[in-house]
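Here the structure is laid out as structure tokens; the discussion comes afterwards.
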Amino acid sequence: MALHVYNTLTRRKELFTAAQPNVVRIYTCGLTVYAPMHIGHARTYSFWDFFRRYLEYLNYHVLSVINYTDIDDRIMQKAAELWGTDSDAGSARPGELGSPQRQSDVNQAAEGLPEAVGSVDLAEKMVAVFRRDCRRLKIKDYAAYTRATDFVQGQIDLAAKLIELGHAYVVDGEVFYSVDSFPGYGKLSGRTIEEQEVGASGRVTEDVSRKRNPADFTLWKPSEGKQPRWETGYPDWPQGRPGWHLECSVMSTTMLGSHFDVHGGGVDNMFPHHENEIAQSEPVCGAPWVRYWLHPEHLDLRGVKMSKSLGNVISPGDLVNDYGDQAVRWFFSTTHYRSKLPFSPDLIASSLAGFEKISRLLKILEGKLSSAPDIEQGVPVAGLYASQRDETQSVPRLRHYYNYGHFGELSTKFMQRFREALDDDLNTPQAAAAFFDYVGELYSAGIESVPVGASLDSPSGDAGEGGSRPATTYSSTASLLSVYRCLTRHLYVLGVEYPNELLYPQLAMDCFPAGGAEGESALAPHKAFIDALLEARQQARRDKDFAKSDMIRDLLAGAGLQVEDTPQGPRWSL
RNA sequence: GGCGGCGUAGCCAAGUGGCAAGGCAGAGGUCUGCAAAACCUCCACCGGCGGUUCGAUUCCGCCCGCCGCCUCCA
């Protein structure tokens, strides 16, 4: 089965193909940068990051673009609230200027950045915060991050073109798109103009009398007062700022070409934003403009109110601090992207409890392999892998044998399930189940007690039907290393990163720098002391002085070190 | 009012026209000085009522409940 994805445009799972062989062009609607990223954004962008990683796993080169909406009424409003700038007369209410609490919130989120003084600065500050949070969440860098304000000329040109083609009209210096001029309007969201009850949401405050159809939307809006403005060169609409929908049409096609493969954003963008983008773009670019529309669902707080006044706001940074980036990304993977992801501290904690079964095995393998006699510093076991990194591309091409050695068949089975799950509309929960089964089978096969530097006979099942295949002997180190790489490579697809320069240098190169190991490195100076305590405890155990051995274990536990006894001796972890 | 989605064990969550993955929690067991970890075993008839079918949790209809969208929104 090849990759199939659910395309909002057709409401069906479709075979995924790229317009250009091996290259996938993706445009993702990014943030309006007026406030720091929240955990809902974290879910959405983690999904897009996973999607990109899976396409790369399938050997696609991914050209991904994300935008920042850095010109928007909300930004101006926020900046006005904070600093009393960029305000038109109406919104500059003196009582709210520089509200200390809210300013400190922003400054806290943007710690270390220069103080913002206006909407442009506020936007830049939030851009930096966004990038920082993405790094924390292990969201890989996009090929390009575009700002709406860098594409204003293109937006002016597109608006002019749409006027010229009869799709837009000018009223009092404001440019509206005429939805009646585009027969396909509504094809993405599956609704017709007639079906809409205008103002049903109770949120329409705008005077719609100037529009030909209430569903018409703004392409260009005149600026007033100190609001940011651009000159257009058109007498009917001489100055102003672009409407929200217009920018994405321009940025995506400028960066990726008039047609591209995937356009995405949260479900909330489906209507009206993406619907409007299609209406703007197809008259100029031709239809179909975009091949696949994907809409990941929202994170759901399950009735829990998060608010600053309650003091229970959890930021993406908090999440990573509290649970670790691996557990966060794993948690995001345990629900399908088209379903709401219920979130609460309890839920992520129970997800973490399950994930530890996997992470524990990785720690065990790392422990064994790091001290293997036949694995030299920085030099993996010979003959086990053949990495090809095409230096002309920014994308790594990892081609390793992840199913080498004693546990090879389990790994093969796992990889098949993993692939089948993700090929079926990116079924990450199914992939997660494959991990659990794989790890369970590895434990069951006794991987915990396999020593390094030994020889292993092939499992009996390896003989195949009729025993035609000759018995094989594997290096235990190579076998364990292959499992380690299989696990870390496939977790990597989900955004769960385990960089290890010794055991998997090729993968480590593509992971974010390992920053979370400060705990272990902080312990390094005390290693000799810890070892001495462990040895003292072992002696006490040999002497059957269990009171003493338990005391030492409690002592270490108090310092945050868990000691476990195994047939191979004690093992400790943080 | 319109459009769309969902309802699977205490919790989270896949899935299939033919005896319901996985995880958390729970119970029992193996191992262990004790723990821990791991492994083994146990734990659901899939919101309700009809219909189609040899057979439906899976298809259709109705009902009940929950949620989202209908020009702020990842």
Side-chain angles (χ1 to χ4, degrees), chain A residues 11 28-32 34 37-48 69 72-74 77 179 186 189-206 208 211 214-218 244-245 264-273 275-276 295-300 330-331 334-336 338-342 344 346-358 360-361 364 417 421 424 427-437 439-449 541 544-546 549-550 553 557 562-567 570-571 573:
Chain A
R11 314 257 151 189
T28 307
C29 285
L31 289 179
T32 299
Y34 69 102
M37 182 186 200
H38 60 242
I39 55 177
H41 297 127
R43 195 250 173 137
T44 299
Y45 295 115
S46 292
F47 164 73
W48 288 111
T69 298
D72 180 272
D73 288 2
R74 277 175 296 163
Q77 195 183 338
V179 295
S189 55
R191 42 186 114 200
T192 64
I193 297 163
E194 298 76 50
E195 280 166 2
Q196 308 297 320
E197 182 174 340
V198 175
S201 65
R203 288 184 262 163
V204 180
T205 55
E206 200 177 347
V208 297
K211 296 180 182 178
D216 289 351
F217 55 92
T218 298
W244 174 41
H245 312 298
V267 269
D268 50 288
N269 284 149
M270 197 169 96
F271 187 89
H273 185 51
E275 195 69 66
N276 291 353
H295 290 100
E297 253 291 355
H298 281 183
L299 181 141
D300 175 12
W330 177 263
F331 174 64
T334 54
T335 297
H336 188 86
R338 285 193 286 116
S339 296
K340 287 188 204 38
L341 172 70
S344 75
D346 282 352
L347 287 171
I348 189 168
S350 75
S351 164
L352 173 60
F355 177 63
E356 277 173 346
K357 178 174 167 180
I358 297 166
R360 200 173 287 121
L361 177 59
I364 292 168
R417 278 192 66 191
D424 184 12
N427 193 331
T428 51
Q430 196 69 56
F435 271 103
F436 281 119
D437 288 341
V439 169
E441 286 162 352
L442 288 167
Y443 275 122
S444 200
I447 193 168
E448 239 182 322
S449 53
R541 293 181 71 213
K544 306 266 190 244
D545 185 353
F546 296 119
S549 68
D550 287 351
R553 184 166 64 191
Q562 270 69 51
V563 181
E564 297 170 28
D565 293 312
T566 75
R571 183 167 70 211
S573 58

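To find a chain, count down the sequence lines: A is the first, B the second, and so on, and within it residues start at 1.
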Let me know, please, whether A:L341 or A:N276 comes out on the 5' side of the other along RNA chain B by nearest nucleotide. A:L341
OP1 or OP2 of B:rC24 less than 4.0 angstrom from a side-chain nitrogen or oxygen of A:K357, does that happen here? no
Choose from B:rA74, B:rG22, B:rA14 the nucleotide whose nearest atom is closest to any side-chain atom of A:D437. B:rG22
Which of parallel (below 30°), tilted (30 to 60°) and perpendicular (above 60°) describes A:W330 and A:F435? perpendicular
What N/O pairs connect the protein and nucleotides 4-7 of chain B at under 3.5 Å? Give each pair on its own line.
none

Checking base pairs now: Watson-Crick or wobble, both atom distances under 3.5 Å. What partners B:rA25? none
Rounded to the nearest 0.5 Å, the NE2 atom of A:H273 sits from the NE2 atom of A:H245 at a distance of 7.0 Å
Checking contacts here: which listed nucleotide (B:rC24, B:rA13, B:rC39) is nearest the side-chain heavy atoms of A:P429? B:rA13
Of B:rA74, B:rG15, B:rA13, the nucleotide closest to the side chain of A:T335 is B:rA13
Quantified in whole Å, what is the P atom distance between nucleotide B:rC19 and nucleotide B:rA56? 13 Å
If I compare all heavy atoms of A:D565 with all of A:P570, which pair ends up nearest, and what's the gap? OD1-CB, 3.9 Å
Report which part of the nucleic acid A:D346 touches: base, sugar-phosphate, or nothing (heavy-atom distance under 4.0 Å, all strands). nothing
Watson-Crick or G-U wobble partner of B:rU16, both distances under 3.5 Å: none
So what's B:rC72 paired with, Watson-Crick or G-U wobble, going by both distances under 3.5 Å? none
Checking all strands, does A:Y45 fall into the base, sugar-phosphate, or nothing category for heavy-atom contacts under 4.0 angstrom? sugar-phosphate
According to a cutoff of under 5.5 Å between the ring centres and under 30° between the ring planes, does A:H38 stack with the base of B:rA74? no
Determine the contact category for A:L299: base if any of its heavy atoms lies under 4.0 Å from a base atom, sugar-phosphate if only primed atoms, P, OP1 or OP2 are that close, otherwise nothing. base
Describe the nucleic acid contact of A:G440 in one word from base, sugar-phosphate, nothing, applying a heavy-atom distance below 4.0 Å. sugar-phosphate
Between B:rA74, B:rC39, B:rG2, which nucleotide gets closest to the side-chain atoms of A:T44? B:rA74
With sugar-phosphate meaning primed atoms plus P, OP1 and OP2, does A:S350 contact a base, only sugar-phosphate, or nothing at under 4.0 Å between heavy atoms? sugar-phosphate
Is A:P296 touching bases, backbone alone, or none of the nucleic acid, heavy atoms closer than 4.0 Å? nothing
So which nucleotide from B:rA13, B:rA37, B:rA74 ends up closest to the side chain of A:E448? B:rA37
Does the structure show a Watson-Crick or G-U wobble partner for B:rA44, both distances under 3.5 Å? Name it, or say none. none
Contacts under 3.5 Å, N or O only, protein and nucleotides 31-36 of chain B:
residue : atom : partner : partner atom : Å
B:rG33  : O6   : A:R541  : NE           : 3.3
B:rG33  : N1   : A:D550  : OD1          : 3.1
B:rG33  : N2   : A:D550  : OD2          : 2.8
B:rC34  : O2   : A:R553  : NH2          : 2.8
B:rC34  : N3   : A:R553  : NH1          : 3.1
B:rC34  : N3   : A:R553  : NH2          : 3.4
B:rC34  : N4   : A:D565  : OD2          : 3.0
B:rA35  : N6   : A:D565  : O            : 3.3
B:rA35  : N1   : A:D565  : N            : 3.1
B:rA35  : N3   : A:R553  : NH1          : 3.0
B:rA36  : N1   : A:D565  : O            : 3.3

Which is true for A:G265 with a 4.0 Å heavy-atom rule: it touches a base, it touches only sugar-phosphate, or it touches nothing? sugar-phosphate
B:rC34 pairs with which nucleotide, Watson-Crick or G-U wobble, both distances below 3.5 Å? none
Which base, if any, makes a Watson-Crick or G-U wobble pair with B:rG50, both distances under 3.5 Å? B:rC60
Strictly by Watson-Crick or wobble contacts shorter than 3.5 Å, is anything paired with B:rC66, and which nucleotide is it? B:rG5
Side chain of A:N269, heavy atoms from C-beta onward: which of B:rA74, B:rA38, B:rC70 has the nearest atom to it? B:rA74
For B:rA38, does either OP1 or OP2 sit under 4.0 Å from a side-chain N or O belonging to A:S449? no
